[in-house]
J.: 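The structure that follows is given in the form of structure tokens.
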Amino acid sequence: MSDAADSSATPDYRATLNLPDTPFPMRGDLPKREPGWVKAWNDEGLYKRLRVARAGRPKFILHDGPPYANGQIHMGHAVNKILKDMITKARQLEGYDALYVPGWDCHGLPIENAIEKKHGRNLSRDEMQAKSRAYATEQIAQQMSDFQRLGVLGEWDHPYKTMDFANEAGEIRAFKKVIERGFVYRGLKPVYWCFDCGSSLAEFEIEYADKKSQTLDVAFKAHDRAKLAAAFGLPAIDKDAFAVIWTTTAWTIPANQALNLNPELTYALVDTDRGLLIVADTLVESCLNRYALDGKVVAIAPGRALGGLEFEHPLYDVHEGYRRVSPVYLADYATATDGTGLVHSSPAYGLDDFQSCIAHGMAYDDILNPVQGNGVYEADFPLFGGQHIWKAVPHIIEALREAGRLMATETITHSYPHCWRHKTPVIYRAAAQWFIRMDEGEGVFTLPGAKPAKTLRQIALEAIEDTSFYPENGKARLHDMIAHRPDWCISRQRSWGVPIPFFLHKLTGELHPRTMEILDQAAEIVERGGIEAWSRVTTEEILGAEDAPHYTKSSDILEVWFDSGSTFFHVLRGTHPTVHHDQGPEADLYLEGHDQHRGWFHSSLLLACALEGRAPYRGLLTHGFTVDSQGRKMSKSLGNGIDPQEITKKLGAEIIRLWVAASDYSGDIAGDDKILARVVDAYRRIRNTLRFLLANTSDFDPAKDAVPLADLFEIDRWALSRAAQFQAEVLGHYKVYEFHPVVAKLQVFCSEDLGAFYLDVLKDRLYTTQPGSLARRSAQTALWHITQAMLRWMAPFLSFTAEEAWKFAGQSESIFMETYWEFPAINDQVNLWSRWHNLLAIRKDVLTALEALRTEGRIGSSLQADVEVRVGPSTYKQLADIGDDLRFVLITSKATLVPDEALSCPEGEDTEGINVVATPSTATKCERCWHWRDDVGHDSAHPTLCGRCTSNLYGAGEARSVA
């Protein structure tokens, strides 16, 4: 019994409880607090301190695919940068020296377009370059600020920019090495051409969209009837005969130079009122219907028999400029799936046409190429000179109709290549360009002994096999693109980019003999003064007075995919040499949207294979696009986007980070206000759990108060074992760059393992036992371990919150200085898990029984109930020693465990039955602990307290060891 208390005073037993307390606030107030963390990380140089802390550790390098330095960042940028940041931080916590150098793609057409819109199209090259550099610098500053606001840690004091002088020079040196390896050549061939860009385009810069076009069936008159008759096995032909082609590109007809037939198809000679028509025999009926003609097949012949025949241009009799014949070349790309089975060939405007004509002996100089870079026919081109090709189409059709050569025409809508920048139709157009070859062929600069044993295509396909893909389906996508892509056109006709520093002979077009030496010289000039310095250099300064008059300085630039694709070569080795593995690929990971299979992943792979014979990365990770809740891609025009700047001001960047982490990035990532509202709720649940942990360990000093593992209460050892198991799952996901399973499991862990069970059970012990008792310190020891681990689990994605909490839970200056928590090893884990598996099963059945009483209105709190739990003999034997602690596990005022033979395992099963009988307690409620106990009032000095509360307050403390 305790000493008598003053009966005139009413004790405040609430004040005797160990109620949780922490300065870690319940409300995150993220929009207000986060900028302070960003400033602190910058002011304190956290990224550099992390490098010092990890010096000498194995490196992990995620090479940044540079966003384009143009315009405000959008949610797609945010997703990309946050994913990179989460991965880098996860590897940092794993113990790696995880480096991240943010970068920017600075050259190219979008910036030129922005400058032209503001200053007009008549700028000199020097003006364009100066204004472009200034513009890119401004854009980078804004984007950098926005990325930092998202909590992204990186080398912001020293990012890489493709327009840095050293990087521009490094690109020229990379170009030289590709030449030395024998992969570069100059050739005339059709390439994608955008009139708005005024330049060639790479495969990566093409997207497909619907376009309306006029289809034409056009008749080419046979130039020699006798030869045609012989080919069809006829003695003679007494009327005009025509080869009929079908095309969707009317503008190419004026430049026609050949016809293509398939040698394996059978062609019919059909007699009609408009003469004898030649079409594939399987298409006779459909063609006659289209032409509204009746006809009769008078002869058939295999395509191979028609090779070499000549047909007159459809405008042969209209203008002398078209008085030429088109020979028949046999080619298997002529098919009978639609049209007429015959294809007209304008070699300057189709890759198949070009290759067929060259293969049949047509000289490069003989190829007609009247369409200029702006889409206008040359001024002196017969009939259509000075007209834009799209506007010339109706005039071409009318000319063909008047000449009697138009058999049919109609409007169709079909998928057609467009420029991905301007969203306008492109064409194939022959131009003298520089290419990187994919297959066999002699390069202009194939040096003795330098030619690789394998083609670039072979090397790249093998490199793909050595690369890990996340998700795995990215492998097939990249493989298919490499397997089927044509040679890479790397030259562009623009101003703002890294120069191709060549000098071409004015008469022969040959490169200057000192070209390789000049490349080194150009790199040195650019390294000192940027690409502007090379632009100012004169031909005479480089070649001397004797050679200069005979050579022209190339004004071409390397296309921007060469810029970004070569960054591993000069950024990871030269301008940022610390970001470099000693052996093998420079980067552990490249991470971008899945469209980069045809972009940065693609160009980087080709250049690394050309330079080093391998990929520049060990792994490729791709993510989807940001879409709204209906699956529509976010866009300004639809007004369905969520703006990262607005979200950070309204909800905080932490909510964007959690949204990204919680999303399965392998597909498109859906977001809108409703989805973000759910993310806010998830954040609050995680923060509340964290606050509970911090509040209940605020008076715990692990150096003095930690309980040895052997002395921990059993439920605390179970909780540590469960947390260690959970951590293994988390780290397994982080290992393969998965975050959404971690977020989902963390929410379940917080709400179910902790909130709905362990922390719920723990509250009584934490609040009611003596502050320094073994019972309370045991609980706090487990909570401290879980807190330390949980902060590390969440730090990659909830970086601000983890860092904020770390100020109350950690010893070092930043959570990111730490490594993942090492839990103490539980020796009897198998037995422990078996016991608590059964206890959790019992608890589940007890909760069901209690809910039934609550529904009947017989109890409110679970502490108002007494329960009898009947179990099979094996379960009873396993759990009997828990004794009275069972009530704490079940959170009832009384719990009795009773063996029952009837609940033994049924034959063939391994689980015994459970039978719960729950009744309202007839005891009295303790004012302090709220348990309903028969011994309430046993001490007259404290008539409202139960025996264990008086013991905890005034005696030796209650005895318990399990829960």
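Only a predicted model underlies this, so the values are computations on that prediction, with no experimental measurement involved.
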J.: Looking at Met481, Lys475, His479, which one forms a side-chain contact (heavy atoms from CB on, under 4.5 Å) with Arg477?
T.: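 Exactly one option meets the side-chain contact (heavy atoms from CB on, under 4.5 Å) with Arg477, and it is Met481.
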
J.: Distance check, rounded to the nearest 0.5 Å: Lys118 atom NZ versus Asn113 atom CG?
T.: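 Reported value, rounded in 0.5 Å steps: 15.0 Å.
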
J.: Let me confirm one number: the NE2-CG distance from His597 to Asn473, rounded to the nearest 0.5 Å.
T.: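 Those atoms lie 7.5 Å apart.
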
J.: Does a sphere of radius 6.0 Å around CZ in Arg632 hold more than 12 heavy atoms from other residues, nucleotides or ligands, not counting ones at 6.0 Å or beyond?
T.: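 Result for CZ/Arg632: enclosed.
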
J.: For the pair Tyr665 and Tyr470, evaluate ring pair (Phe, Tyr, Trp, His ring centres under 6.0 Å) and give the outcome as yes or no after the intermediate values.
T.: CA-CA 10 Å; Tyr665 60 74; Tyr470 311 92; 9.2 Å; no

J.: Please step through salt bridge (charged side-chain N to carboxylate O under 4.0 Å, His left out) for the pair Arg492 and Glu112, ending with a clear verdict.
T.: CA-CA 13 Å; Arg492 293 292 181 272; Glu112 285 200 44; over 6 Å; no

J.: So is Lys221 actually on top of Tyr316's ring, under 6.0 Å and inside 45° of the axis?
T.: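 Output no; distance or angle outside limits.
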
J.: Checking Glu312 against Arg323 for the salt bridge (charged side-chain N to carboxylate O under 4.0 Å, His left out) test, could you report, in this order, the C-alpha distance in whole Å, the side-chain angles of both residues, the deciding distance, and whether it holds?
T.: CA-CA 7 Å; Glu312 297 170 1; Arg323 197 148 295 162; over 6 Å; no

J.: Test: salt bridge (Lys or Arg N to Asp or Glu O under 4.0 Å). Region: residues 343-366. Which pairs qualify, not counting sequence neighbours?
T.: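 The answer is none; no pair qualifies.
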
J.: Quick one: does Ser491's side chain have a donor or acceptor within less than 3.5 Å of a partner on Leu558's backbone?
T.: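 Between the backbone of Leu558 and the side chain of Ser491 there is no qualifying donor-acceptor contact (under 3.5 Å).
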
J.: Specify the closest pair of heavy atoms between Ala483 and Arg457, including all atoms of both residues, with the distance to one decimal.
T.: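 Looking at all heavy atoms of both residues, the closest pair is O-NH1, 3.2 Å.
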
J.: Any side-chain to backbone donor/acceptor pair from Arg494 onto Ser199? Under 3.5 Å, distance only.
T.: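 A pair under 3.5 Å: no.
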
J.: Side-chain donor-acceptor pair under 3.5 Å between His414 and Ser213, yes or no?
T.: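 Present: a donor and an acceptor within the cut-off.
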
J.: Looking at Ser604, is its backbone amide N or carbonyl O close enough to the side chain of Tyr617 to form a donor-acceptor pair, meaning the two atoms are under 3.5 Å apart?
T.: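 The answer is no, because no donor-acceptor pair under 3.5 Å joins these two groups.
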
J.: Can you list the residues that meet the side-chain contact (heavy atoms from CB on, under 4.5 Å) rule with Ala408, with sequence neighbours excluded?
T.: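 Applying side-chain contact (heavy atoms from CB on, under 4.5 Å) to Ala408 gives Asp217, Arg290, Tyr291.
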
J.: So if I apply the ring-ring contact (aromatic ring centres under 6.0 Å, His included) rule between Phe195 and each of His418, His388, His422, which one comes out positive?
T.: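 Among the candidates, only His388 passes.
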
J.: Once side-chain contact (heavy atoms from CB on, under 4.5 Å) is applied, do any residues pair with Lys131, and if so which ones, sequence neighbours excluded?
T.: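 Listed in chain order: Ile115, His119, Leu123.
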
J.: When rounded to the nearest 0.5 angstrom, what distance separates CD1 in Ile245 from CD1 in Ile253?
T.: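 Atom-to-atom, Ile245:CD1 and Ile253:CD1 are 4.0 Å apart.
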
J.: To the nearest 0.5 Å, what is the distance between CG on Asp595 and CH2 on Trp600?
T.: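 Between atom CG of Asp595 and atom CH2 of Trp600 there are 12.5 Å.
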
J.: Is the CD atom of Glu472 crowded by more than 12 outside heavy atoms at less than 6.0 Å?
T.: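 Buried by this count: over 12 neighbours within 6.0 Å.
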
J.: Go through the structure and list residues passing salt bridge (charged side-chain N to carboxylate O under 4.0 Å, His left out) with Arg405, not counting sequence neighbours.
T.: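 Partners of Arg405 under the salt bridge (charged side-chain N to carboxylate O under 4.0 Å, His left out) test: Asp317.
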
J.: Should the heavy atoms of other residues, nucleotides or ligands under 6.0 Å from CG of Asp332 be counted, would the total exceed 12?
T.: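 Counting other residues, nucleotides and ligands, CG of Asp332 stays at 12 neighbours or fewer.
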
J.: Do Val328 and His360 touch side chain to side chain, with heavy atoms closer than 4.5 Å?
T.: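 Not in contact.
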
J.: Within the distance-only criterion (no hydrogens, no angle test), does the side chain of Gln143 pair as donor or acceptor with the backbone N or O of Tyr68 below 3.5 angstrom?
T.: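 A pair under 3.5 Å: yes.
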
J.: Are a donor atom and an acceptor atom from the side chains of Asn70 and Tyr135 found within less than 3.5 Å of each other?
T.: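 Note: Asn70 and Tyr135 side chains meet the donor-acceptor criterion.
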
J.: Looking at every heavy atom in both Trp488 and Ser603, which two are closest together, and how far apart are they?
T.: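 Looking at all heavy atoms of both residues, the closest pair is CH2-CB, 3.7 Å.
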
J.: Please evaluate residues Phe242 and Phe220 with respect to the criterion ring pair (Phe, Tyr, Trp, His ring centres under 6.0 Å), reporting the C-alpha separation (whole Å), side-chain torsions for both, the decisive distance (0.1 Å), and the verdict.
T.: CA-CA 5 Å; Phe242 302 89; Phe220 287 66; 9.7 Å; no

J.: Between CG of Asp281 and CG of Leu269, what distance do you get to the nearest 0.5 Å?
T.: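 Rounded to the nearest 0.5 Å, the CG-CG separation comes to 12.0 Å.
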
J.: Which atom names give the shortest non-hydrogen contact between Thr340 and Val244, and what distance separates them?
T.: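 Heavy-atom minimum between the residues: OG1-O, 2.6 Å.
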
J.: What do the steps show when you test Glu207 against Lys423 for salt bridge (charged side-chain N to carboxylate O under 4.0 Å, His left out), and what is the final call?
T.: CA-CA 8 Å; Glu207 61 185 16; Lys423 313 302 180 185; 2.9 Å; yes

J.: Does Asn256 offer a backbone N or O that forms a donor-acceptor pair with the side chain of Arg324 under 3.5 Å?
T.: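 Between the backbone of Asn256 and the side chain of Arg324 there is a qualifying donor-acceptor contact (under 3.5 Å).
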
J.: To the nearest 0.5 angstrom, please state how far the CD1 atom of Ile397 sits from the CH2 atom of Trp251.
T.: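 It is 14.0 Å, given to the nearest 0.5 Å.
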
J.: Grab the two heavy atoms, one from Ser345 and one from Asn260, that are nearest each other, plus how far apart they are.
T.: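 Closest approach of Ser345 to Asn260: CB-OD1, 3.4 Å.
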
J.: Keeping to residues at least two apart or across chains, list the side chain to side chain donor-acceptor pair (under 3.5 Å) pairs with something in residues 374-384.
T.: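 As it turns out, there is no side chain to side chain donor-acceptor pair (under 3.5 Å) pair with a partner in residues 374-384 once direct neighbours are skipped.
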
J.: Tell me the closest heavy-atom pair linking Phe601 and Leu620, and the distance in Å.
T.: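 For Phe601 and Leu620, the tightest heavy-atom pair comes out as CD2-CD2, 3.4 Å.
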
J.: Of all heavy-atom pairs between Asp487 and Lys189, which one has the smallest distance, and what is that distance?
T.: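 Scanning both residues, the minimum pair turns out to be OD2-NZ, 3.5 Å.
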
J.: Which of parallel (below 30°), tilted (30 to 60°) and perpendicular (above 60°) describes Tyr416 and Trp390?
T.: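 Because their plane-to-plane angle is over 60°, the rings of Tyr416 and Trp390 count as perpendicular.
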
J.: Give the ring-plane orientation class for His107 versus Trp496, where under 30° counts as parallel, over 60° as perpendicular and anything between as tilted.
T.: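 Perpendicular, since the angle between the ring planes exceeds 60°.
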
J.: Between the side chains of Asn80 and His623, is a donor N or O closer than 3.5 angstrom to an acceptor N or O?
T.: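 Yes, side-chain donor-acceptor contact under 3.5 Å.
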
J.: Identify, with sequence neighbours excluded, every residue that meets side-chain contact (heavy atoms from CB on, under 4.5 Å) alongside Pro394.
T.: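 For Pro394, no residue satisfies side-chain contact (heavy atoms from CB on, under 4.5 Å) once neighbours in sequence are set aside.
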
